[in-house]
2 protein chains.
Amino acid sequence: MTSVEEPARPGVRVRDGARTKAEILDVATQEFARAGFDGARVDEIAARTRTTKRMIYYYFGGKEQLFTAVLERAYGVVREAEQQLDVEHLDPVAGIRRLAELTFDHHERHPDFIRLVSIENIHDAEHIAASEKLGRIGSPALEVIRRILAAGQESGLFTADADAVDLHAMISSFCFFRVANRHTFGALFGRDLVDPARRERYRTMLGDMVIAYLTAERAGG
Amino acid sequence: MTSVEEPARPGVRVRDGARTKAEILDVATQEFARAGFDGARVDEIAARTRTTKRMIYYYFGGKEQLFTAVLERAYGVVREAEQQLDVEHLDPVAGIRRLAELTFDHHERHPDFIRLVSIENIHDAEHIAASEKLGRIGSPALEVIRRILAAGQESGLFTADADAVDLHAMISSFCFFRVANRHTFGALFGRDLVDPARRERYRTMLGDMVIAYLTAERAGG
DNA sequence: GTCTATAGATAGATAGAC
DNA sequence: GTCTATCTATCTATAGAC
């Protein structure tokens, strides 16, 4: 971590720290997501790269730091996706629904990320707490929700007094649970929550749920 | 597992398989919930009981079977709680709201159970799949939801075409996420989802959300 | 049924040559 | 920066006496 990363020289396959590190991170992501932090094997990660176990310790310092690096990159991908959000040209109802749908799609496309987050929660988010990078990563999606929500509440369209963090939790919980708990839910209730045949149904259900909540007529309104 | 369990003889502290097994299960539940399946240590479990490691292997066969037994008992507790549900004397709206609130309360009171379920999902629910007991445990709550939902839909109160399993997933996702993901969510967004000061707020939010979804006016109605 | 002692395998981490 | 070989600790599991 003390040396400056060399730029890749095309055609000349030489010392390429950045490339090697990226490959280690790719494999480590899969292995940690597959088996959990304690279940993952450094030997197995090394065996599936073009490099050796010694390099993992050379680049990352240890298993713990490697897992932190995996988390940092995984959350980085999420943040990048959130920066592509383009829903603020829509009216508040359509904007929130679209945002919920994009969250739904993103969770479905990244089951490994979901597993990493579950694993990190089992470890009380101590790697996130120890990471400076993750501490200041913020959430573009949260800012988008905040603005749409304010607009919807100001216009009287939205009657719920939820704030952006609440709404983010509500949307995430449905999307996250569907992927994270699909195994136990499927085994106990005989329904595969990520069955492609039911995908549109759950995607619509999420949007309906969030919009119904935000726009419901309320006694105390 | 081949011997018949002896009833406890009060005052006479002798061979008491049932009691010893229960104590092992208590400690194992805590240890597995704390550290995950691979992170948990059989030595540590043994050290915290009045018995020895040898007894764990004697009674349960191995770490894997011990974890399965822990899951079986944990789900058994949930099922028992569900059998105490008494909400069908209420009208459908009040009944569903009450059921959601009881689910909310139960998840909050059993964080170890939530962690065990997360851990089991990381292992693709293979212990549940291998357990005969868990395969036929069913879900009293699901039956209650089914009946209330049918009544609400028949009377026209509920406009959503969700079935009982869908609704169970919706309610569970919110309750589960709030507890299971509180560490990463708190670290990233600076909000403690299980802060007692916000408890009533989220409890009400869940009920509002589910009822709003079920009773919303729909274009295609 | 309960104990001590230990087998047997494997994990994370590192030494040291090149 | 990269390799092989290995250290040290520790884990699950069991043997065998009582």
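Letters A, B, ... are given to chains in the order of the sequence lines, protein chains preceding strands, and every chain is numbered from 1.
Looking at residues two or more places apart in sequence or on another chain, you find a side-chain hydrogen bond (donor to acceptor under 3.5 Å, both in side chains) between D43(A) and K53(A).
Sorted by first and then second residue, the salt bridge (Lys or Arg N to Asp or Glu O under 4.0 Å) pairs involving residues 123-141 of chain B (not counting sequence neighbours) are R115(A)-D124(B), E72(B)-K133(B).
With dG1(C), dT14(D), dG12(C) as the candidates, the nucleotide lying closest to the side chain of M55(B) is dG1(C).
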Polar atom pairs (N or O), protein with nucleotides 5-10 of chain D, under 3.5 Å:
none

Grab the N/O contacts between the protein and nucleotides 15-18 of chain C below 3.5 Å, and write none if there aren't any.
none

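With ring centers used as reference points, F177(A) lies 6.0 Å or more from F177(B). Ring centroid separation for the pair F174(A) and F174(B) does not come in under the 6.0 Å cut-off.
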Could you list the donor-acceptor pairs under 3.5 angstrom formed by side chains in residues 96-105 of chain B, with sequence neighbours left out?
{"unit_1": "R97(B)", "atom_1": "NH1", "unit_2": "D208(B)", "atom_2": "OD1", "d": "3.3"}
{"unit_1": "R97(B)", "atom_1": "NH2", "unit_2": "D208(B)", "atom_2": "OD1", "d": "2.7"}
{"unit_1": "T103(B)", "atom_1": "OG1", "unit_2": "L99(B)", "atom_2": "O", "d": "2.9"}
{"unit_1": "D105(B)", "atom_1": "OD1", "unit_2": "R199(B)", "atom_2": "NH2", "d": "3.3"}
{"unit_1": "D105(B)", "atom_1": "OD1", "unit_2": "R203(B)", "atom_2": "NE", "d": "2.8"}
{"unit_1": "D105(B)", "atom_1": "OD2", "unit_2": "R203(B)", "atom_2": "NH2", "d": "2.9"}

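Across residues 26-36 of chain B, not one residue has a non-hydrogen atom less than 4.0 Å from an atom of DNA chain D.
Atom-to-atom, NZ of K63(B) to C1' of dT14(D) comes out at 17 Å; the value is rounded to the nearest Å.
Side-chain N/O atoms of E64(B) and H127(B) include a donor and acceptor closer than 3.5 Å.
Distances shorter than 4.0 Å separate none of the side-chain N or O atoms of T52(B) from OP1 or OP2 on dT2(C).
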